[in-house]
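Heads up: the structure comes next, in structure tokens.
Small disclaimer: the values here were computed from a predicted structure and weren't measured. First listed ligand is number 1; within each ligand, the first listed atom is number 1.
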Amino acid sequence: MTDADAILRGEAAGLGFEVVGVTDVARLDGAEAPFRAWLAAGRHGDMDYLADRAERALAPDALLPGALSVVTVAVEHATVAPPHVPDGRSGRVARYAWGLDYHVVVGARLEALAARLEARLGRGVHARALVDGAPLLERAVAVRAGLGFVGKNTLVIRPGRGSWALLGELLVDVPLAPTGPGPGGTCGACVRCLDACPTAAFDAAFVLDARRCISYLTIEHRGAIPVELRPRLGPWVFGCDVCQEVCPFNRASRPAPWPELRPEAGVGPALDLVATLALDTDEAFRARFRGTPLLRPKRRGLLRNAAVVARNVGAAAAVPALDDRVRFDPEPLVRAHALWALAGLDEAVARRAADWALAVDPDDGVRAEADHVLAAR
Ligand code: B12
Ligand code: SF4
Ligand code: SF4
């Protein structure tokens with residue numbers, strides 16, 4: 001171990017990074033075939049940025065001229081939480097989003113790590129912190145650095161600790177000793193995640209069709225949620241944890257070590273659907289979710305999700321808010337999903353709202369949804 005390696009370990013630990021690996025910046029050749037096959041099959045849906053930047057995602061050295069090493073970190077975010085109790089008005093939030101936005105939280109500590117490396121090494125350090133924001137196959141990097149293995153649910157699993165961890169990287173122009181390959185690991189004969197996925201999103205072990213994944217549909221997807229998948233969302237209003245909750249490697253979870261990632265720091269595990277559907281302006285939405293990952297789908301996306309989940313969980317208390325959304329929401333996406341939700345919650349209100357929409361709504365998609373509501377008797 002060189003001085004630089006020892007300094008990295010010490011400073012990273014001081015900043016709360018418990019799991020740190022290092023790999024070189026060589027191209028991620030081993031990941032290329034599955035990644036390109038995944039893209040070629042269209043499994044990325046409308047995440048065009050993944051296809052547009054595919055070559056760069058395989059080449060860590062392209063992300064920082066002069067880079068020599070990639071420091072890769074895994075930050076645990078799991079929290080022992082009371083089991084979800086259906087209360088007829090709450091939607092579930094995926095664990096990674098319970099606290100503050102990890103892009104900012106992990107990114108800030110990686111920037112601090114770069115500054116400390118520079119100070120301790122006594123020379124300028126070119127560095128770039130990445131947390132899910134740049135085109136880099138972060139899982140392939142983590143595996144090469146020995147942090148864990150890829151499970152059949154496609155997540156990086158650390159034997160003994162599981163998959164409740166977020167990945168981040170610090171590219172540096174400092175030569176550091178690679179830490180991989182790790183002890184490895186395997187799922188063995190287990191297929192729990194593949195069987196448990198509510199939308200049957202796995203085409204095979206290790207192959208996820210994002211277009212069916214609830215995480216994609218509720219966070220990344222910008223358009224309408226396919227009608228046949230809406231009931232399958234169940235209570236998940238933002239992200240989904242099912243394929244990790246069933247994983248035997250995740251039995252040993254503990255509170256997230258970083259306070260920023262704990263539920264008290266952000267929205268926590270449950271979102272009140274009635275209150276969410278009452279967020280009628282972008283300003284109100286931003287004020288409610290400032291600093292959290294829930295800003296990502298924007299107001300229109302989150303209210304779309306909330307409408308679907310309101311129907312799924314039988315949220316009768318959300319009927320007045322849904323009726324308001326059909327009549328007054330500026331976003332056709334929200335109006336259409338609110339109509340769909342009303343149709344499952346209160347037929348009389350749904351029919352009145354549909355009549356109203358057919359008479360005055362300028363959007364073809366909303367009127368089509370209204371037709372559908374009126375036809376379904
Ligand atoms: C696009 C994306 C998504 C998409 C697609 C997910 C997917 N499985 O590809 C959607 C929106 C669905 C998604 C969902 C989630 N995501 Co996401 N996502 C990403 C992102 C931005 C890119 C992933 C990507 O390029 N996928 C394309 C596929 C082909 O690439 P890949 O899965 O990395 O491919 C590798 C393996 O599958 C493996 N592989 C492929 N075939 C085979 C076959 C065999 C036999 C083997 C052994 C391996 C193997 O090799 C490939 C190269 O390493 C990354 C961040 C990043 N920049 O990497 C986060 C990331 C993967 N997501 C993350 C998280 C936390 C989630 C969610 C858990 C969030 C949630 N709770 O809702 C879910 C989990 C769903 C799931 N089961 O994957 C974390 C994962 C952390 C971890 N421990 O692994 C990441 C790394 C973000 C981060 N910085 O922490 N995500
Ligand atoms: S996150 Fe949910 S929907 Fe997506 S693959 Fe996992 S279990 Fe399926
Ligand atoms: S649930 Fe089973 S198959 Fe799926 S990732 Fe965990 S160990 Fe692997």
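Within the 4.0 Å cut-off (strictly below), no protein heavy atom is located near atom 18 (N) of ligand 1. Protein heavy atoms come within 4.0 Å of atom 1 (C) of ligand 1.
Near L208, with a cut-off below 4.0 Å to any heavy atom, the atoms of ligand 2 are 5 (S). Ligand-side atoms of ligand 1 in range of S163: 83 (N), range being under 4.0 angstrom from any heavy atom. Ligand-side atoms of ligand 1 in range of G239: 72 (O), range being under 4.0 angstrom from any heavy atom.
Remark: minimum distance from atom 38 (C) of ligand 1 to any protein heavy atom is reached at V150 CG1, 4.1 Å. The protein heavy-atom contact nearest to atom 67 (C) of ligand 1 is S215 OG, 4.4 Å.
Partners of R262 according to the salt bridge (charged side-chain N to carboxylate O under 4.0 Å, His left out) rule, which considers only residues two or more places apart in sequence or in another chain, do not exist here. Legend: residues meeting side-chain contact (heavy atoms from CB on, under 4.5 Å) with V19, ordered by chain and number and at least two apart, are A74, L147, R158. The side-chain contact (heavy atoms from CB on, under 4.5 Å) check on A306 picks up V237, L273, T276, L277, with sequence neighbours excluded.
Residue contact annotation: F149 has no non-hydrogen atom under 4.0 Å from ligand 1. Assignment of N250 to the shell around ligand 3 is not supported, since no heavy atom sits closer than 4.0 Å. At least one heavy atom of L136 sits closer than 4.0 Å to an atom of ligand 1. Residue contact annotation: Q244 has a non-hydrogen atom under 4.0 Å from ligand 1. Ligand 2 lies less than 4.0 angstrom from a heavy atom belonging to F202.
Ring centroid separation for the pair F149 and F249 comes in under the 6.0 Å cut-off.
Classification of the W258-F17 ring pair by plane angle, with boundaries at 30° and 60°, yields perpendicular.
When heavy-atom distances to ligand 3 are checked against a 4.0 Å cut-off, I157 comes that close only through its side chain, counted from C-beta outward.
Within the protein, the number of N, O or S atoms lying under 2.8 Å from atom 2 (Fe) of ligand 2 is 1.
The closest donor-acceptor contact from the side chain of R367 to the backbone of L358 lies at 3.5 Å or more, if one exists at all.
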